[in-house]
Amino acid sequence: MTIENISNNKVLDGWHKQYNHQSNVLNCKMRFAIYLPPQATSKNKVPVMYWLSGLTCTDENFMQKAGALRMAAELGIAIVAPDTSPRGENVPDDEKQAYDLGKGAGFYVNATQPPWNKHYQMYDYVVDELPELIETHFPVNSQRVISGHSMGGHGALVIALRNPKLYKSVSAFSPISNPMNCGWGRKAFSAYLGTDPDAWTLYNTWSVYDASELMRKTTAQVPAMVEQGENDDFLEEQLKPNALLLAAKANNYPLTFNMAEGYDHSYYFISSFIDKHIRFHAFNLGLLEQQ
């Protein structure tokens, strides 16, 4: 796999870089960003936090707005931020160019329905193809943690819950916690996966992409932290954190859930708590003795 470097910026004695590459899984050119902390050298490979962004976002939103790089530099954790969906002229998009379907709204699933199934395989991209590329080209080790926001929080929780041996911990900001039962999720799942939520094809039912359903049933427990703003406009209609809390309680799952008074759905919220989340991951990676 070859990669094309398109930007380099030194920051906090490390490097923020962007790359293009041809994705075999998504059948298009993809872009990702990586922050390599100063500890990352050919003789000292560092763990990676994968960050999954939300609807309409690209790799740039988190890297530029979250304020995460200082703590990553201090603790020696690389950060990788992929795009949120396939892109390109031949990649299908919503006919009405809606923000919650198509480009920018991949929902981190493997689509089974045409025309989406040729390109929209974001689950396999994040779980398999991207980490293989990162571990081949950069001074990182195989230790992974994963985090995300909104649609990306949904993706992070689903991916960690389905692959507990691959991730030391998972965290999410304002995740879409029960997409089977909210407008954003139902619209995306109907298009990408088909209209029958109970139609069984391996890995492609609605329930295997629903964090609440997975947390209720899993027998393998990845340490998880969720941050939710109390003043989030999407709280009740789209995010449905109570479904996740009920699932965790029913399964005695080690979920740390924090309701943040006064905070909304924006990157002001994320930047206020990102250090806590990176320290949470560092603890689970064995880089800190206590959070």
Side-chain angles (χ1 to χ4, degrees), residues 1-8 16-35 48 50-64 78-138 140 144 146 148-156 158-159 162-163 166 176 179 184-185 187-194 201-204 208-209:
M1 293 182 288
T2 59
I3 58 176
E4 174 193 9
N5 181 228
I6 56 176
S7 76
N8 295 280
H16 173 274
K17 302 183 178 189
Q18 287 176 305
Y19 290 86
N20 286 332
H21 75 102
Q22 183 65 32
S23 168
N24 296 325
V25 170
L26 304 177
N27 293 301
C28 66
K29 183 179 285 187
M30 288 293 286
R31 188 178 76 188
F32 68 87
I34 184 168
Y35 175 67
V48 182
Y50 289 87
W51 173 269
L52 307 183
S53 289
L55 291 165
T56 75
C57 292
T58 68
D59 63 285
E60 293 184 338
N61 295 75
F62 180 77
M63 291 298 201
Q64 295 181 10
I79 299 176
V80 172
D83 203 346
T84 50
S85 79
R87 308 275 181 174
E89 292 184 6
N90 297 321
V91 174
D93 198 5
D94 182 70
E95 293 180 355
K96 298 179 180 180
Q97 296 186 323
Y99 75 94
D100 54 357
L101 187 68
K103 294 179 183 178
F107 262 85
Y108 305 102
V109 304
N110 286 340
T112 61
Q113 305 301 303
W116 313 102
N117 54 343
K118 181 179 179 180
H119 298 282
Y120 285 73
Q121 305 292 315
M122 287 297 294
Y123 177 89
D124 281 352
Y125 178 70
V126 173
V127 174
D128 297 319
E129 187 177 38
L130 182 61
E132 181 182 353
L133 184 150
I134 296 300
E135 290 168 20
T136 298
H137 290 279
F138 301 99
V140 302
R144 308 180 200 172
I146 191 165
H149 172 232
S150 195
M151 178 185 72
H154 139 77
V158 165
I159 286 170
R162 287 180 56 176
N163 300 276
L166 295 182
I176 303 172
W184 283 341
K187 179 178 180 179
F189 285 10
S190 294
Y192 298 146
L193 304 174
T201 53
L202 188 60
Y203 297 123
N204 292 313
V208 298
Y209 294 112

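Position 1 is the first residue of the sequence; numbering continues from there.
- In this model, a donor atom of one side chain and an acceptor atom of the other lie less than 3.5 Å apart for N5 and N8.
- Here the closest heavy-atom approach between residue S150 and residue G54 is recorded as CB-CA, 4.5 Å.
- Ring planes of F32 and F138: perpendicular class, angle over 60° (limits at 30 and 60°).
- Contact detail for A111 and L193: the closest heavy-atom pair is CA-CD2, 4.4 Å.
- Using a 4.5 Å heavy-atom cutoff, the side chains of Y123 and R162 are in contact.
- Applying the salt bridge (charged side-chain N to carboxylate O under 4.0 Å, His left out) test to every pair with at least one member in residues 18-33, sequence neighbours left out, gives these pairs: R31-D59, R31-E60.
- Between S53 and H149, the closest side-chain pair of non-hydrogen atoms is not below 4.5 Å.
- Put simply, the side chain of I79 reaches to within 4.5 Å of the side chain of F62, judged on heavy atoms.
- Taking CD of E132 as the start and CG of N24 as the end, the distance is 9.5 Å to the nearest 0.5 Å.
- Using a 4.5 Å cut-off on side-chain heavy atoms (C-beta onward), L26 and M122 make contact.
- At a threshold of 4.5 Å between non-hydrogen side-chain atoms, the residues D124 and E129 do not count as touching.
- Shortest non-hydrogen contact noted between I134 and I34 is CG2-CD1, 4.3 Å.
- Put simply, the side chain of L52 reaches to within 4.5 Å of the side chain of I146, judged on heavy atoms.
- A tilted orientation is assigned to the rings of Y108 and H154, their planes being inclined by 30° to 60°.
- Other residues, nucleotides and ligands place no more than 12 heavy atoms under 6.0 Å from the CG atom of N90.
- In this structure, N61 contributes its side chain and T58 its backbone to a donor-acceptor pair below 3.5 Å.
- The distance from atom SG of C28 to atom CD of Q22, rounded to the nearest 0.5 Å, is 7.0 Å.
- Contact between A33 and Q18 at its shortest, heavy atoms only, is CB-CG, 4.1 Å.
- One distance of note links CG of N20 with CG of D83; it measures 10.0 Å at 0.5 Å rounding.
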Show, in sequence, the C-alpha distance, side-chain angles and deciding distance for D128 and V25, and conclude whether the side chain to side chain contact (heavy atoms under 4.5 Å, CB included) test is met. CA-CA 9 Å; D128 297 319; V25 170; over 6 Å; no
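- To the nearest 0.5 Å, atom OG1 of residue T136 and atom CD1 of residue I3 are 9.0 Å apart.
- Considering only heavy atoms from C-beta on, Y192 stays 4.5 Å or farther from N110 through its side chain.
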Distance-only criterion, 3.5 Å: show the donor-acceptor pairs between side-chain atoms of residues 92-102 and protein atoms not counting sequence neighbours.
unit_1, atom_1, unit_2, atom_2, d
D93, OD1, K103, N, 3.0
D94, OD2, K96, N, 3.1
D94, OD2, Q97, N, 3.2
D94, OD2, A98, N, 3.0
Y99, OH, W184, NE1, 2.9
D100, OD1, K187, NZ, 2.8

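- For the atom pair R144 CZ and L166 CG, the distance stands at 5.0 Å (nearest 0.5 Å).
- Counting only distance, with no hydrogens or angles, the side chain of S85 and the backbone of G104 share a donor-acceptor pair below 3.5 Å.
- Sorted by first and then second residue, the salt bridge (charged side-chain N to carboxylate O under 4.0 Å, His left out) pairs with a member in residues 111-122 form an empty list; sequence neighbours excluded.
- Put simply, the side chain of F107 reaches to within 4.5 Å of the side chain of F189, judged on heavy atoms.
- Distance check: N27 CG to H119 NE2 gives 6.0 Å after rounding to the nearest 0.5 Å.
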